[in-house]
Amino acid sequence: MIKKFLAILTASIMLAGLGLVAAGCGGAQGSSNGKTQEQKIEFPTKPIEMTVLFAPGSGADLLARKVAELAGKELGQPITVVNRTGAGGAVGYSYVKEQKPDGYSIVWNSNSINTAYHAGNMNFNYTAFSGVAELTTEPVSIAVKADAPWKDINEFIEYAKKNPGKVRIGNSGNGSFTHLVAVALENKTGAKFTHVPFGQGGLAISSVLGGQIEASSQLPAEIMSQVKAGQVRILAITGEERLKILPDVPTFKEKGIPLTLSLWRGIAVPAGTPESVIKKLEEAFKKVAENPEFKKFAEDMGANIEFRGAKEFDQFIAEQDKELAALMEQVGMKKQ
Amino acid sequence: MAKEIGSILVIAGIGLFFMIYSLQYNLGSLETPGEAVFPLLVAIAVIAMAGWLLFVNILAGRNQRPSEKEENNNNTNGTRKVVSLVVLNAFILWGMKFLGFFTSSFILVCLFCKLLGVKRWSQAIGVALGAVLGAYLIFSFWLQVSFPKGLFI
Amino acid sequence: MSVLSALEIALTPYNLLACFVGVLVGTLTGVLPGLGPAAAMALLLPLTVKLGPTAGLIMLAGIYYGAMYGGSTTSILVNVPGEPASVVTCLEGYKLAQKGRAGAALAVSALGSFVAGTIGIVLLQLFAPPLAKAALAFGPAEFFALTVVGVIVLSNLSGKGGIKAFLMIALGLLLSTVGLDPLGGVNRFTFNQPLAGTGLSFIAIAAGLFGVGEILWLASQPEEKIEPVAKVRLRDLYPTKEEIKRALPSMFRGTLLGFLIGLIPGPSATIASFASYSLEKSTSKHKEEFGNGAIEGVAGPESANNAASVGAMIPLLSLGIPFSPAIAVLLSGMLLVGVTPGPLFLREHPDAFWGVIGSMYIGNIMLLILNLPLVGIWASITRIPYKYLMPVVLLFCIVGAYADNNNIFDVWVMLAAGVAGYLMRKYEYDPAPLLIGLVMGPIMERSLRQALIMGRGDLAIFVASPISLAMYAMALALVVFMLVKKPRVMSAD
């Protein structure tokens, strides 16, 4: 009897807890509704689904969730984030491409659209999507162990030039953006590295700490804690200007190496989505890019705000595609 | 013995399939091993081990003569049931594109109940309704998983 | 700061509530197949930020270790693993349930989880920095050596071991290569189907081989043969003294083993549970019971996966490096609330650090209190006739396989694995070694190729460190031992 009572008690506590959690989750979404009535087109009238190509908790995912939260408020309809991972983004892109081009299926786009296509993992390229808005860029950092002998990036490059292939640089996978940046660095300086792919999971830095490799190439946010703790030193980052969270780290450009390739992120929809819908979405995401809350968040994540509207974004992706295709060709990864 | 040999042959076949398929990928070199290296090596290992087992089995078969308890649980009725379950399942998975996740799941559970021997339709429908509703509440409503949509939900 | 003041922070009502919500959600995600702790934590990240650093991280950590409690429930009851780390619990747990000992298995697994969780935190507090340093000594060459030893050690998992087990492991390794290659870049064996680029998901295959395979097997049996177990009496719900006595040493062994394996990057909790099962099987005094429901086979692995999940926190806390996807979300959560994981965590946010440590002691007690009374409710599920239960289980397998990655391809994989599981049962193959191959494959391939690249063609890298040398010596000794002790391993069975 007592056991039965206990069981019922636990069950009801669990139910109560469930409700509590559900309320916590749902709270953010139950907000404004019907603000959009006076607009000419009736969009959106139901929740929008944003596909994220990488796992929950990854850098891409965290930015995407913040963007979705803020843009949902602008649009008056919630944007739900759905992770569809695999094949360097090809799984998610393939899914979104198959959806109705009505603006209710959007994708958190990035350079993966270029690399996944050229690696031969999907049979369509960036033209299968229409850009809506570019929101952020993230530089790539070259990091070494804190007690490494090289004072700055120039010394590092000098050493690599004198000892071709001896410097081993970890990256997040063959043909990944961090790999291509390291290859571009070879092109711009004439140095020669041995590239060690690590795949997803960001363990390149643990091999740097363990002394198995000399350097690694990754997004700065991934190694922020090791940098702050003084275990790892970033020699230089790509991009046009320094990052606010790393005010002491120079750019390659400052050091006389013209390497600015950055990882861009933004929103895209399947090609064929009506202009008016894209326009509506573009306006909402523009407001997100201007939102101080988002600015702060992006800064903490090691990202710069870089807004481009739909037209410009399409153009930009086309340019990037050529540049990355050339790099992939060079490392023998270009399959199509 | 026959079924042992048959199943080993199937595994060897899988190994062979992977071996041939992996040849279309890049082998690379010792300094830069390509994506074909690992599957190729493992496939060769699979084929080698399967070959060895086959050899041992045939040898044993010759020595012992066929004296196995072959047809112990060969009930055709059961096999027919399994096949129909799998076909039903595949058909409904395929139909998910049109019917949506929850409608097709409902049909699946319902028919599954009947196949397993639930007598009354009302019972089957009741179980299906309860299960689908539970799945909907937990996964779709609470966890906001995005399921394939169709006719109704 | 001491344990007492850590508990003081964790025991404030606000933090206590956060801890409760965390472990509750964790238990639920453990029970629900397909929904892993990583996804659940990501879902609650916004709430974490609102709660503030200490309470937020307490909640996230609660989900993380709580998930290891719930995972065994469905393994034991319906042969469907709720988490990858509970796959091995199907082997003995489900058999125990069929014998009417579901309650005992569930209670022992909760108890083991509690023992492992609590000892794990003590070990973490005592040894975190040196262990983190030791973890860094493992580079690709050492990991490759480790996987070689692992495959040999774990080959005794299946009924008879020997070459047939190696064959199944190799088959698993082969299947693990489907999808994107682990060093990134190329999709393999997908017939140009983009959705297949996700690969053969471990949880879909496990749910298929065990869960769906069992459903199909039961369906193939004549109806009168598959009636559920006889009525379970109330006092049968909890383990007997004898069972506890047998389970306790397994729990301690599993805890120690799991904690150490937790330091390996990748799916360490899953590997830990397999390793513990293998250890229990070879040291048990009741070898004949393995495969038919041995309580040690539940107690060991369920302790090991909990301990591994605590051990896996060491690289995060000491170095700020996430070794698994779930830990990566925990790291994201820290960054979101403004805490720098790694060595600075303790210095900059002592409150949050000790709060989390303290809450883990409390959370484990909560989990025990939460889970033990549930045993009765769960065990009653085994009394439902199969013809009603199995269709519902199938539905949950489908939902779970889909929800794992929102990809319908995974559901097809599960169905195919179900058919394979049925056939393997019919033709007397053991699915467990195949799953070992599947989980070890990516680590093995990645470390092999990385080591080759890093050695720049010089094979000496594989034996360059004493760690690798010791591993290979161990592997060699094991093989020799197998050949000498059981010459029959080379034969068919």
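Please read all numbers here as calculations on a predicted model, not as lab measurements. Per chain, numbering begins at 1; letters A, B, ... match sequence-line order. Just so it is clear, the values below take in all heavy atoms, side chains as well, and ignore hydrogens, waters and symmetry mates.
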Do you know which two heavy atoms are closest between B:Glu4 and C:Tyr429, and how far apart they sit?
-> O-OH, 4.2 Å
Over all atoms of both residues, closest heavy-atom pair of C:Glu445 and B:Glu35 | OE2-O, 4.2 Å
What part of C:Tyr388 gets closer than 4.5 Å to chain B, counting heavy atoms only: side chain, backbone, both or neither?
-> both
Checking B:Gln123 against chain C: side chain, backbone, both or neither under 4.5 Å from a heavy atom?
-> side chain
In terms of heavy-atom pairs under 4.5 Å with chain C, which of B:Ser146, B:Gly15, B:Ser105, B:Gly134 leads?
-> B:Ser146
Once the angle between the rings of B:Tyr21 and C:Phe191 is folded into 0 to 90°, is it parallel (under 30°), tilted (30 to 60°) or perpendicular (over 60°)?
-> tilted
Of the listed residues (B:Val42, B:Leu93, B:Val46), which shares the most heavy-atom pairs with chain C below a 4.5 Å separation?
-> B:Leu93
Minimum heavy-atom distance between B:Pro39 and C:Leu174, given as atom pair plus value | O-CD1, 3.5 Å
Considering only heavy atoms, which portion of C:Leu173 lies under 4.5 Å from any heavy atom of chain B: side chain, backbone, both, or neither?
-> both
Under 4.5 Å to a heavy atom of chain B? For C:Val186 that would be side chain
Contacting moiety of B:Phe18, where chain C heavy atoms sit under 4.5 Å | both
What do you reckon, is CZ of B:Phe17 surrounded by more than 12 foreign heavy atoms closer than 6.0 Å?
-> yes
The interface call for C:Val212 against chain B, heavy-atom contacts under 4.5 Å, is neither
Contacting region of B:Val109 [heavy-atom separation from chain C under 4.5 Å] | both
Answer key: most heavy-atom pairs under 4.5 Å with chain B among C:Met454, C:Arg188, C:Met168, C:Arg456 is C:Arg188
Minimal non-hydrogen separation, C:Lys387 against B:Leu116, with atom names = CB-O, 3.6 Å
Nearest 0.5 Å please: distance from the CD1 atom of B:Ile47 over to the CG atom of C:Leu167.
-> 11.0 Å
In terms of heavy-atom proximity below 4.5 Å to chain B, should C:Ile169 be classed as side chain, backbone, both, or neither?
-> neither
Where on C:Leu394 is there a heavy atom nearer than 4.5 Å to chain B: the side chain, the backbone, both, or neither?
-> side chain
C:Ile215, part contacting chain B, at a heavy-atom distance under 4.5 Å | side chain
Give the member of C:Leu183, C:Leu395, C:Asp181 that has the highest number of heavy-atom pairs under 4.5 Å with chain B.
-> C:Leu395
Taken to the nearest 0.5 Å, the spacing of C:Ile408 CD1 from B:Trp94 CH2 works out to 13.5 Å
Okay, C:Asp404 and chain B: the region with an atom under 4.5 Å from a heavy atom over there is neither
Which bit of C:Met424 comes within less than 4.5 Å of chain B, counting heavy atoms only: side chain, backbone, both or neither?
-> neither
Closest non-hydrogen atoms of C:Ile453 and B:Thr32, given as atom of the first, atom of the second and distance, are CG1-CA, 4.4 Å
Report the distance from atom NZ of C:Lys164 to atom OG of B:Ser7, rounding to the nearest 0.5 Å.
-> 6.0 Å
Does any heavy atom of chain C fall under 4.5 Å from the side chain of B:Leu54, the backbone, both, or neither of them?
-> neither
To the nearest 0.5 Å, how far apart are CG in B:Asn89 and CD1 in C:Ile398?
-> 5.0 Å
Provide the closest heavy-atom pair for C:Trp412 versus B:Ala90 in the form atom of the first, atom of the second, distance.
-> CH2-O, 3.3 Å
Contact part of B:Leu85 toward chain C, heavy-atom cut-off under 4.5 Å: side chain, backbone, both or neither?
-> side chain
Could you check whether the rings of C:Tyr402 and B:Phe101 sit parallel, tilted or perpendicular, using 30° and 60° as the cut-offs?
-> tilted
Side chain / backbone / both / neither for C:Val419 at chain B, heavy atoms under 4.5 Å | side chain
Tell me, out of B:Ile11, B:Val145, B:Leu108, who's got the most heavy-atom pairs with chain C below 4.5 Å.
-> B:Ile11
Chain C contact via B:Ser22 - which portion, at a heavy-atom distance below 4.5 Å = both
Chain B contact via C:Leu415 - side chain, backbone, both or neither, heavy atoms under 4.5 Å | side chain
Quick one: pull up OG1 in C:Thr177 and OH in B:Tyr25 and give me the separation to the nearest 0.5 Å.
-> 9.0 Å
